[in-house]
Number of protein chains: 2
Amino acid sequence: METPTNKIMHKGEQQQQSDSRTAIEHVEISDSTLREGEQYGGAYFTFDQKLQICLSLTRFGVEYIEMTLPMSNSNAEDELHRLVSALRSAKSKSMVLARCHPTDVELALKSGTYGINLFMGTSSYMQKASHGKSLEQVTQLAADNVKFLKSNGCQFVSFCAEDAFRTDIDELLYLSDALNDAGVDRMIFADTVGGATPFEVYKCIHEFSRRSFNFQIEFHGHNDTGCAVANAYAALEGGAHCIDTCVLGIGERNGICSLSGLIARLQTLKPTLLTKYDLKELPKLDALVANILGIPIPHDMPITAPHAFTHKAGVHVKAMLADPHTYEIIQPGDFGIERTLVVASKITGKHAVAHRAMQLSINTLTDDQILLIAEQVRIAASIQPISLQTVDQIIKSFLSK
Amino acid sequence: METPTNKIMHKGEQQQQSDSRTAIEHVEISDSTLREGEQYGGAYFTFDQKLQICLSLTRFGVEYIEMTLPMSNSNAEDELHRLVSALRSAKSKSMVLARCHPTDVELALKSGTYGINLFMGTSSYMQKASHGKSLEQVTQLAADNVKFLKSNGCQFVSFCAEDAFRTDIDELLYLSDALNDAGVDRMIFADTVGGATPFEVYKCIHEFSRRSFNFQIEFHGHNDTGCAVANAYAALEGGAHCIDTCVLGIGERNGICSLSGLIARLQTLKPTLLTKYDLKELPKLDALVANILGIPIPHDMPITAPHAFTHKAGVHVKAMLADPHTYEIIQPGDFGIERTLVVASKITGKHAVAHRAMQLSINTLTDDQILLIAEQVRIAASIQPISLQTVDQIIKSFLSK
């Protein structure tokens with residue numbers, strides 16, 4: 001073998017030189033299935049379903065559960081109080097979303113929630129079409145409300161800069177300065193329209209995390225361009241403390257960062273960050289919400305999709321039998337899931353057949369017979385879908401030959 | 001308003017200084033629904049369905065359609081020949097996947113396909129558990145087969161480095177040098193286990209694109225950590241020419257970059273790149289494959305998800321009526337889709353009610369009446385899901401008051 005002609009740096013060296021990304025030492029999750037998730041066009045939760053979701057989220061161990069503030073609806077107000085109460089002694093803390101408006105703020109305080117998440121649009125789009133206020137007015141209102149809440153016993157106040165990634169960064173810094181002075185506990189940077197790229201998210205969040213603000217940083221990102229999970233991870237690389245998720249990634253339009261996606265992303269890079277969560281609860285949580293929505297878990301959902309650990313191609317099955325890490329970056333057992341090696345398919349190979357024969361305690365087949373069986377399986381499966389039973393029959397038919 | 005205290009650079013300045021990312025000037029799509037897609041645990045395509053998918057992909061205008069090489073199955077071999085023939089005069093070119101093995105290579109050549117995509121695992125995992133060959137042996141085999149194909153009339157030969165992102169970069173460069181000399185037309189870098197981050201993909205692809213190889217670069221990325229679309233975009237930023245997609249993002253385990261995701265990502269950043277595609281065919285393509293798979297289009301699918309352009313929250317509906325760009329980074333009309341403003345929900349606000357009244361040609365309601373109607377809608381919808389008809393009834397009941 002010739003010496004590689006274009007010698008370049010090794011991965012470690014490269015990272016030292018060009019990568020100023022934060023080593024992620026800590027992560028918190030604020031799950032918004034009950035708030036953002038219910039804004040999804042296909043979602044409708046009854047009180048009992050909300051309570052079930054809450055309890056399942058606490059079993060998994062998310063740090064915060066965000067809820068919708070009921071407006072002029074005493075029925076919903078009562079429900080909110082009951083949900084907040086249910087969480088009072090739980091591991092997860094209740095957060096309630098509120099506009100920067102006295103009615104909302106007082107209603108939120110009255111619920112007895114742990115924290116209140118104020119929000120207001122900051123981009124020029126939001127300034128014009130949403131509330132009609134200048135960034136200066138937004139800042140004033142937000143700061144006043146943060147001070148009011150902090151001096152009225154609210155333990156944790158966050159402010160969400162809606163559409164932050166289409167907001168002038170100088171304006172965001174001006175807002176952050178004022179809210180830092182007002183005592184805000186956390187600033188949430190929201191990619192409200194889901195348009196930011198991971199690199200843009202990293203740059204923006206890093207700009208704030210490297211300054212000496214007292215607040216923590218949270219990221220909320222929509223999936224309109226399929227980048228919600230990657231953007232959440234880029235935010236952590238930029239120095240964010242907390243990520244907003246929804247179970248199955250539901251939310252307004254086509255949703256936000258999925259809990260499964262965030263967990264998958266972190267599990268591959270730094271599993272020690274996740275030891276505080278009960279990972280085996282994740283499949284149950286996804287199944288619960290899918291069941292409530294009346295949909296299957298989408299096939300693209302990391303970890304919990306029905307076939308997330310199914311291996312079908314002949315060459316894959318061979319390698320998986322030798323070493324599961326070959327085609328799996330995540331080990332299904334960590335989540336209480338079993339992998340599936342598909343034997344009944346039109347791309348089945350000899351290794352899958354040999355494996356199946358072994359499972360059936362058949363060890364008298366010759367290599368030629370195994371090749372013939374694999375071919376028969378492929379032909380049968382190319383005409384119509386076949387079951388494992390059909391494969392077993394084909395294998396057994398060779399025993400009498 | 002005080003001058004912002006922490007003056008920093010504007011976006012443009014920042015990009016000039018820190019961003020060596022490639023300005024994306026061109027993109028090609030290699031769709032692998034018929035190959036990678038059929039490896040999805042839940043997929044089974046009949047010949048007629050394959051043909052339908054092919055024709056729909058050509059109407060949309062993808063540049064390449066990748067197919068599975070049939071092995072020892074004359075039925076499937078005949079089907080492949082018919083699919084390749086069907087594409088001979090089409091806009092999209094047929095690519096056939098083949099192992100670096102004489103049987104495969106000859107079978108692929110015989111099909112009359114435009115291009116052949118050789119593949120082999122390059123990482124230490126693949127070297128050990130998949131084929132048992134050293135990188136030196138892989139390189140020799142790949143180079144020999146590339147030369148054989150190029151001298152036997154194959155117009156386009158690509159080589160896919162399977163599990164490239166867990167392969168030592170010096171080894172990848174050694175392989176690339178050899179294949180470049182052998183005349184390979186394109187190198188495909190595959191994130192086979194879906195573990196790479198966008199930053200890692202960018203760095204690796206950029207390392208190859210900045211060198212003076214003669215081949216083009218393609219990226220194939222799995223979604224095990226929810227980053228397939230973002231990784232595809234990072235590959236383009238790094239200088240890749242072509243992206244592998246599947247309709248709905250199906251594929252082995254939980255699939256690869258979805259066609260809708262890639263299109264959404266590019267449409268928001270550089271829509272001129274996409275004028276060569278018939279974007280209005282995208283929803284039909286996703287619907288076709290979802291129908292064949294017997295599943296709904298997943299709620300997280302950009303552009304084509306049932307509620308991708310549904311706006312539900314009260315404050316959102318208000319802003320959307322003033323300017324659709326407020327909560328949409330993609331315009332649904334570009335894809336022949338209509339947006340939905342939900343009026344029948346427990347978070348309905350006065351603006352949604354006023355809008356609905358206007359649609360019903362009712363313009364005699366006072367502001368107070370509209371507030372009362374919105375409250376009644378919210379109360380009704382907090383007890384059980386309600387229809388638009390119920391909202392209309394509530395509105396009309398106020399006319400007689």
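Note that the structure is a prediction, hence the values are computed from the model and not measured. Protein chains get the first letters and strands the later ones, always in sequence-line order, with residue 1 at the start of each.
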request  = Work out which heavy atom in B:D177 is nearest to a heavy atom in B:F213; give both atom names and the distance.
outcome  = OD1-CE2, 3.3 Å
key: Among B:L248, B:N231, B:L293, residue most engaged with chain A (heavy-atom pairs, under 4.5 Å)   = B:L248
ask   = Is it the side chain or the backbone of A:T326 that comes within 4.5 Å of chain B heavy atoms, both, or neither?
value = both
request  = Return the option, out of A:A322, A:G195, A:S176, with the maximum number of heavy-atom pairs under 4.5 Å with chain B.
outcome  = A:G195
key: Contacting region of A:P198 [heavy-atom separation from chain B under 4.5 Å]   = side chain
request  = Tell me, for B:I250 versus chain A, whether the close heavy atoms (under 4.5 Å) come from the side chain, the backbone, both or neither.
outcome  = both
inquiry  = Need one label for A:R99: side chain, backbone, both or neither, based on atoms under 4.5 Å from any heavy atom in chain B.
reply    = side chain
key: Heavy-atom contact with chain A under 4.5 Å, split by part of B:E162   = side chain
key: Contacting region of A:M320 [heavy-atom separation from chain B under 4.5 Å]   = neither
ask   = Taking every heavy-atom pair that is under 4.5 Å apart, which of A:M126, A:R265, A:R339 has the most such pairs with chain B?
value = A:R265
ask   = Which atoms of B:A196 come close to chain A, meaning under 4.5 Å heavy atom to heavy atom: side chain ones, backbone ones, both, or neither?
value = backbone
message = Quiz question: by atom type and distance under 3.5 Å, do the side chains of B:T192 and B:D163 form a donor-acceptor pair?
response = no
ask   = What distance separates A:C257 SG from A:L262 CG, expressed to the nearest 0.5 Å?
value = 5.0 Å
remark   = Of all heavy-atom pairs linking A:P298 and A:A305, the shortest is O-CB, 3.3 Å
query = Using non-hydrogen atoms only, which part of B:P296 is less than 4.5 Å away from chain A: side chain, backbone, both, or neither?
reply = side chain
message = Tell me whether B:E36 contacts the main-chain N or O of B:E252 through its side chain, where contact means a donor paired with an acceptor under 3.5 Å.
response = yes
note = Between A:P302 and B:N254, the two heavy atoms sitting closest are CA-ND2, 2.9 Å
ask   = Are A:S258 and B:D300 close enough that some pair of their side-chain heavy atoms sits under 4.5 Å apart?
value = no
task = Among the options A:A374, A:S130, A:G261, A:A178, pick out the one with the most heavy-atom pairs lying under 4.5 Å from chain B.
result = A:S130
task = Tell me, for B:I263 versus chain A, whether the close heavy atoms (under 4.5 Å) come from the side chain, the backbone, both or neither.
result = neither
request  = Can you tell which part of B:H316 gets under 4.5 Å to a heavy atom of chain A, answering side chain, backbone, both or neither?
outcome  = side chain
task = Find the one option among B:Q384, B:H307, B:Q137 whose heavy-atom pairs under 4.5 Å with chain A are most numerous.
result = B:H307
Approximate separation, where rounding is to 0.5 Å, of A:N223 CG and B:H299 NE2 = 9.5 Å
ask   = Can you tell me how far CD of B:E136 sits from CD of B:E171, rounded to the nearest 0.5 angstrom?
value = 10.0 Å
note = Bottom line for B:A308: the part with an atom under 4.5 Å from chain A's heavy atoms is both
note = Note: vs chain B, highest number of non-hydrogen pairs under 4.5 angstrom among A:G226, A:G121, A:G251, A:P385 is A:P385
query = With only heavy atoms counted, which part of B:Y233 is less than 4.5 Å from chain A, the side chain, the backbone, both or neither?
reply = side chain
query = Who wins among B:T268, B:D224, B:T68, B:I256 for the most heavy-atom pairs under 4.5 Å with chain A?
reply = B:D224
ask   = Is it the backbone or the side chain of B:F47 that comes under 4.5 Å from a heavy atom of chain A, or both, or neither?
value = neither
query = What closest approach, in Å, do B:V377 and B:S345 show between heavy atoms, and which atom pair accounts for it?
reply = CG1-O, 3.9 Å
ask   = Does a salt bridge link B:E38 with A:K346, judged by any charged N lying under 4.0 Å from a carboxylate O?
value = yes
inquiry  = So which residue, B:I383, B:L269, B:L175, ends up with the most heavy-atom pairs under 4.5 Å with chain A?
reply    = B:I383
Polar contact flag, side-chain donor to acceptor under 3.5 angstrom, A:R166-A:S123 = no
message = As an exercise, state the distance from CD of B:Q376 to OG1 of B:T348, rounded to the nearest 0.5 Å.
response = 13.0 Å
task = Kindly give the heavy-atom pair with the smallest separation between A:I329 and B:V193, and that separation in Å.
result = CG2-O, 3.3 Å
inquiry  = Under a 4.5 Å cutoff for heavy-atom pairs, which residue among A:T46, A:T197, A:D323 has the most contacts with chain B?
reply    = A:T197
task = Let me know if A:Q140 has heavy atoms under 4.5 Å from chain B in its side chain, its backbone, both or neither.
result = neither
task = Identify the two heavy atoms, one from B:L135 and one from B:Y174, that lie closest to each other, and give their separation to 0.1 Å.
result = CD1-CD2, 3.7 Å
Best-contacting candidate, B:H311, B:K128, B:K312, B:E79, against chain A by heavy atom pairs under 4.5 angstrom = B:K312
ask   = When heavy-atom pairs shorter than 4.5 Å are enumerated against chain A, which of B:Y44, B:F309, B:F45 gives the highest number?
value = B:Y44
